[in-house]
Amino acid sequence: MKTVLLVEDDEILSGMYGKKLSDRYSVIRTRTGAEALNAVRRDPPSAVILDIMLPGGMNGFDVLRELKCSDTTKSIPVIMLTNLDTEKQDAMDLGAATYIVKSKINIQELPDIVSRFIPPETASA
Amino acid sequence: MYADTDLKINLLILFGLFGTAAFAIFGAIYLAYGYSFLGFAELFFWLLGVINFIFLRRLIDSVEHHARESQKFQQAVESASDHMIITDPDGVILYGNPSAERLTGYSLHEMIGTKAGKLWGGLMDKQVYADMWHRIKIEKKPYEGIIQNLRKGNIRYDALAKISPVLDRRGQVLFFIGIERDITKEKELERAKDQLLSVASHELRTPLTAIDGLVSMIRAGEFGPVSAGLAAPLADINSASDRLIHLVNDLLNVSRITAGRLKFTLSEFDIKGAIDETAALLSVIAKEKHLHLETSGVASVTVMSDPDKVKQVLNNLIGNSLKFTDTGGISVSTSVSTEMVTISVKDTGVGIKDEDRGKLFGKFQQLDSGKGRPAGTGLGLYISRELCRKLGGDLMLLDAAPGKGSTFTFTVPIAGSRQAQIIRDHIENETGSKPDRKSDTISTQ
């Protein structure tokens, strides 16, 4: 089963998304940007699901920028999952794979959206 | 004009002094020697002295009056709370009032003889200064706008500025008068309000997303079997939380529209793709209600707009049609003119009464459409029309009658058209003049 890194500071949402994706992926959950970067460096996941507003002085944009400027991590698709609806352009410019507003999707669609950004040969590995 | 008056006054004073002196000298000779050796001439100077003395008195009065008047002006200018400066035709400062000293941090001594642009300019785009200079120096018309300047010590301030050229009789610039009002506080307040709204809606959405998602998962049996009796209340919780999320989203949209802070991302895209995508998402609801959702009348046209906003409008119109239609269905079609593509959404629903037409686009308007329809926020059409207008098009009700369905249309500029260019310039100007506030809205808790 492929690994997906979920960066979400809200405990309830993190648990909910984690459970929803657990049928298809092995989900690693982190709360802060620094934890997320450590997790990626330890064991690069197949995709990162990334919130924007994060505690600890490093927001989602900082994490995205870090991931995209390193050769070892820049090919990992980053799916922005946030409740801010004005930052799409900036996130896409920085190299995000897609930008999802949490309150505008049905949770049931989430696994399919994530699968779309994980290359087919690795999705079922 | 002032120079003429000054010359007259000086000549009269000189003449008066001369006359008075002659009167005194000849008077003294007469008193000392008892003899007037100049005869008529002495009488003439004596008279001249008396007349000039009267003149001199009146002149002094007039000069004092003049001084008092100009002192009034000076006091007014100096105690004005607005920053005022006067520069020569090249922008070199001739005068600045105490408010200008306070606002800019430079003393009058430092200001005089220096170009205004050198002291506090340079913060904005070069083009802004070029446009400003062109307006006042070449067109010779007053410039008015919100500008950002630098206070001494490189502290930024926002100001509402008006710079007017003062022309002589031949239409040449004599000097410029610049008046500025510090609006940094107002700007900060506006930013704080904006940020509060963003954070509040973000904070409202987070728990709502959790409620909505978790209930949806419970209903799908992901937390174990759900008893038959719980199915209906869980579905109600789901639809209620959906409504709340919509309401929060709509309220945020309305306040952004009202504040002129809606953010647009323009691109060229195929309108057919946007329509097909929205229709595909809504086809689930159409199937549930046994309605057809037809898009075969849609042409492939490249438009210039904000694709997400266009999809939002489509979602609103098709969603409304699905809500208010019980039999038949909805068909979406396009027609193309030189500048715009018109998108029509036609349904076979309940239609709209004549007297209700005027209420459609108001805020919080919901028409009485009978029982059993899911409630909306009453903001959808208002938002959709504002979005269309901001993007260079419009939205209207084309045709509707009770029981016979309704047709809404909206227009989007075609890529490469004149209208597309106008809107692109307009939106880029608007976003260009507003400082990037990203760091404000995404700060961490």
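Here is how names work: the chains are called A, B, and so on, in the same order as the sequence lines, proteins then strands, and each is numbered from 1.
- Partner of Ile12(A) under the side-chain contact (heavy atoms from CB on, under 4.5 Å) criterion, out of Ile211(B), Thr206(B), Leu214(B): Leu214(B) alone.
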| task | For side-chain contact (heavy atoms from CB on, under 4.5 Å), just list the numbers for Ser103(A) and Val248(B), CA-CA rounded to whole Å, side-chain angles, deciding distance to a tenth of an Å, and then say yes or no. | result | CA-CA 10 Å; Ser103(A) 62; Val248(B) 171; over 6 Å; no
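- Taking CD1 of Ile245(B) as the start and CG of Asn83(A) as the end, the distance is 8.0 Å to the nearest 0.5 Å.
- Salt-bridge annotation for Arg205(B) and Asp85(A): present, with a side-chain N of the basic residue lying under 4.0 Å from a carboxylate O of the acidic one.
- By the 6.0 Å contact criterion, NZ on Lys104(A) is enclosed, its count of non-hydrogen atoms from other residues, nucleotides or ligands being greater than 12.
- Atom NZ of Lys263(B) and atom CD of Glu87(A) lie 4.5 Å apart (nearest 0.5 Å).
- Interface with chain A: from residues 215-228 of chain B, residues Ser216(B), Met217(B), Ala220(B), Glu222(B), Phe223(B) qualify, criterion being any non-hydrogen pair under 4.5 Å.
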| Evaluation steps, side-chain contact (heavy atoms from CB on, under 4.5 Å), between Lys88(A) and Asp308(B) | CA-CA 10 Å; Lys88(A) 180 176 174 179; Asp308(B) 286 341; 2.9 Å; yes
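- One finds the CD atom of Glu109(A) at 7.0 Å from the CG atom of Leu281(B) (value rounded to the nearest 0.5 Å).
- One finds the CD1 atom of Ile105(A) at 9.0 Å from the OG1 atom of Thr209(B) (value rounded to the nearest 0.5 Å).
- Within the 4.5 Å cutoff, the side chain of Thr86(A) has heavy atoms near those of the Arg256(B) side chain.
- Sorted by first then second residue, the salt bridge (charged side-chain N to carboxylate O under 4.0 Å, His left out) pairs that include residues 33-42 of chain A, not counting sequence neighbours, are Arg41(A)-Glu66(A).
- Contacts between Asp242(B) and chain A at a heavy-atom distance below 4.5 Å are absent for every atom of the residue.
- Between chain B and the options Leu110(A), Asp10(A), Leu13(A), heavy-atom pairs under 4.5 Å are most frequent for Leu13(A).
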